[in-house]
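Chain letters run A, B, ... following the sequence lines, proteins first, then strands; residues in each count from 1.
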Amino acid sequence: MLDLKFIRDHSGLVKDAIRVKHINLDLDELLRIDRELLAVRQRVETLQAERNANAKAVPKASKEEKPELIEKGKALGEEIKALEPALRAHEDALRQLLLRVPNLPLPGVPEGVDDSDNVELRREGTLPSFDFTPLDHVALLDQHGWADAERVARVSGSRSYLLKGEAALLEQAILTFAMTYLADRGFTPLSTTALVRPETLVATGHFPGGEDQVYKIEGEDLMLAGTAEVPVNSLYAGEILAESELPVTLAALSAAFRSEAGSAGRDVRGLIRVHEFRKVEQYVICRADQAEALKWFETLLANAEGILRALELPYRVVQNCTGDMGAGKALMYDIEAWVPSEQLYRETHSCSYLGDWQARRTGLRYRGEDGKPQFAHTLNNTGIAVPRILVPFLENHQQADGRIRIPAALQGFLGGKAFIG
RNA sequence: GGAACGGUGUCCGAGUGGUUGAAGGAGCACGCCUGGAAAGCGUGUAUAGGUGCAAGCUUAUCGAGGGUUCGAAUCCCUCCCGUUCCGCCA
């Protein structure tokens with residue numbers, strides 16, 4: 001959400017953002033409703049002021065004057081009540097439109113339509129060269145009896161997954177490694193639930209718009225979040241934090257649920273795209289200072305890269321274009337790890353800077369040095385997401401004999417083993 | 001699922017249908033005091049709108065929404081949330 005005053009004063013900039021982000025929103029309609037609301041509100045407030053003054057006069061009035069004042073109060077009350085439906089309708093309409101207004105991309109964000117317009121910034125690590133015919137991750141899992149896709153599909157349908165034996169331990173080891181890695185860098189480890197109230201999804205910016213991606217709990221006003229960003233962002237909702245409490249830096253582990261509506265047929269095989277997975281999410285709430293926030297952006301990116309480096313996976317960093325970055329984001333980089341079987345990079349991390357757009361929706365404020373409350377800035381990035389990361393992990397580290405090499409940094413989390421399988 | 005009790009400002013906590021935006025305390029800010037600090041004393045300190053160059057004026061907000069009333073934090077109804085006890089349960 002943007003500040004309404006900002007929208008009024010910079011409608012051109014906002015319209016540009018709507019255009020480059022390809023959002024279907026008529027800003028002129030918003031501005032019109034805003035003006036109308038203002039007029040109705042001023043009328044109501046004038047009447048309310050009259051009513052209040054009148055009510056205040058009643059106890060002081062003489063016996064003879066009282067009936068007249070009371071009558072006047074009644075009339076004013078009815079006049080106000082008559083205006084309330086219009087007031088309410090305008091407020092609701094404005095809010096609905098306001099929730100759809102995107103954040104402004106930072107200068108320099110490449111303009112584009114979808115992920116094909118994203119810009120590769122750099123490649124890191126060395127691509128593996130195999131002197132044997134490498135297998136894809138599904139074949140590797142099968143070969144070791146590490147998965148049982150058929151049985152789990154009977155239980156849970158498509159896009160479910162099951163890991164067995166050392167693969168199950170590996171998944172756990174990677175999560176623990178990532179939590180530890182981030183904890184060592186000052187992030188507070190957090191383990192939290194994905195079960196959230198709908199307003200938390202509005203707060204992050206997933207709603208309105210992303211409703212069809214989210215599982216809803218039948219008979220309850222609860223939903224399953226697709227990332228720990230959702231519960232964690234709302235942790236301090238409505239509060240005014242002391243500046244000394246910032247920055248809040250979290251490494252939040254949670255289950256993540258995504259319906260994957262609209263991606264039917266895509267990545268149905270293997271561990272790339274599943275309905276339920278687990279993820280360590282980096283989340284930062286910092287002061288409303290763009291320079292400081294951008295430093296955190298670099299830190300979040302460096303953490304993710306550090307984790308991939310420790311896992312010895314080649315990857316590239318991509319800057320998302322305006323059309324691929326989501327309404328709330330001012331800056332977004334994806335990290336994509338190399339998948340040998342496909343001979344391409346696939347997204348494993350997504351780093352985002354939201355400015356105060358998300359905090360404004362969440363009511364996430366702090367008291368600045370001047371004593372005035374202001375909206376914080378928020379950022380998030382994946383720490384690690386399983387089982388997706390196992391795809392590049394298994395494929396890049398496979399050996400001629402089928403074993404999987406365990407990078408040194410991970411061995412301590414896996415009983416000291418240098419290989420599994 | 002049953003029962004009881006609660007939801008007030010940055011925090012804790014009082015609160016009578018009208019002079020309460022809301023006592024008191026904590027915290028914070030500034031000042032005095034001090035060699036410096038603590039303590040102590042004094043002053044200040046809600047949020048979001050509208051309007052105004054400004055001082056200011058004004059509206060809303062005491063979980064949410066309705067209702068009663070000239071007037072509601074205060075009375076009534078509905079809902080939401082929380083805590084505790086009992087039951088059930090991994």
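Ion pair Glu211(A)/Lys216(A) not flagged as a salt bridge, since none of the NZ, NE, NH1 or NH2 atoms sits closer than 4.0 Å to an Asp/Glu carboxylate oxygen. Electrostatic pairing of Arg273(A) and Glu260(A) counts as a salt bridge here, judged by a charged N lying under 4.0 Å from a carboxylate O. A salt bridge links Arg346(A) and Glu342(A); the closest N-O separation between the charged side-chain nitrogens and carboxylate oxygens is under 4.0 Å.
Looking at RNA chain B, the stems built from 3 or more consecutive Watson-Crick or G-U wobble pairs, each pair with its key distances under 3.5 Å, are B:1-7 with B:80-86, B:10-12 with B:24-26, B:27-32 with B:40-45, B:46-51 with B:56-61, B:63-67 with B:75-79.
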If you restrict it to nitrogen or oxygen atoms, what contacts under 3.5 Å exist between nucleotides 78-81 of chain B and the protein, and what is each distance?
from	atom 1	to	atom 2	distance (Å)
C81(B)	O3'	Arg197(A)	NH2	3.3

Produce the list of close N/O pairs, under 3.5 Å, pairing protein atoms with atoms of nucleotides 24-30 of chain B; give distances to one decimal.
none

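Looking at residues two or more places apart in sequence or on another chain, you find no side chain to side chain donor-acceptor pair (under 3.5 Å) involving Thr200(A). Residues passing the side chain to side chain donor-acceptor pair (under 3.5 Å) test with Asp92(A), sequence neighbours excluded: none. The side chain to side chain donor-acceptor pair (under 3.5 Å) search around Glu65(A) returns Ser62(A), not counting sequence neighbours.
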Q | Reading 5' to 3' through nucleotides 47-54 of chain B, protein heavy-atom contacts under 4.0 Å coded B for base, S for sugar-phosphate only, - for none | A | SSBSS---
Q: Sugar-phosphate means primed atoms, P, OP1 and OP2; the rest is base. With that split, encode nucleotides 64-70 of chain B 5' to 3' as B, S or - using protein heavy atoms under 4.0 Å.
A: -SS-S-B
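Taking atom C1' in both A14(B) and G7(B), one finds a spacing of 15 Å when rounded to whole Å. For the P atoms, the distance linking C70(B) with A54(B) amounts to 39 Å, nearest Å.
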Pairs under 3.5 angstrom only: tabulate donor-acceptor contacts from the side chains of residues 24-42 of chain A to other protein residues two or more places apart or in another chain.
from	atom 1	to	atom 2	distance (Å)
Asp26(A)	OD1	Asp28(A)	N	3.0
Asp26(A)	OD1	Glu29(A)	N	3.4
Asp28(A)	OD1	Lys15(A)	NZ	2.9
Asp28(A)	OD2	Lys15(A)	NZ	3.3
Arg32(A)	NE	Glu36(A)	OE2	3.3
Asp34(A)	OD1	Arg8(A)	NH2	3.0
Asp34(A)	OD2	Arg8(A)	NE	2.5
Asp34(A)	OD2	Arg8(A)	NH2	3.4
Glu36(A)	OE1	His90(A)	NE2	2.8
Arg41(A)	NH2	Glu91(A)	OE2	3.2

Only pairs under 3.5 Å count here: list side-chain donor-acceptor contacts from residues 71-87 of chain A, not counting sequence neighbours, and write none if there are none.
from	atom 1	to	atom 2	distance (Å)
Glu79(A)	OE2	Arg43(A)	NH2	2.8

Run the side-chain donor-acceptor check on residues 231-241 of chain A: report pairs under 3.5 Å with partners two or more places apart or on a different chain.
from	atom 1	to	atom 2	distance (Å)
Asn233(A)	OD1	Tyr283(A)	OH	3.0
Asn233(A)	OD1	Thr362(A)	OG1	3.3
Asn233(A)	ND2	Thr362(A)	OG1	3.0

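Between the CG atom of Leu47(A) and the C1' atom of A60(B) there is a distance of 15 Å, rounded to whole Å. Going from atom CG of Leu87(A) over to atom P of U59(B) covers 15 Å, rounded to whole Å. Between Gln48(A) atom CD and G71(B) atom P there is a gap of 12 Å when expressed in whole angstrom units.
Regarding contacts with the backbone of A60(B), a side-chain N or O of Asn52(A) is found under 4.0 angstrom from either OP1 or OP2.
Ring pair Phe393(A)/His397(A) is perpendicular by interplanar angle, where above 60° counts as perpendicular and below 30° as parallel.
Residues Tyr333(A) and His349(A) place their aromatic rings such that the two centres sit no closer than 6.0 Å.
A salt bridge (charged side-chain N to carboxylate O under 4.0 Å, His left out) check over residues 179-200 of chain A, counting only residues at least two apart or in different chains, returns nothing.
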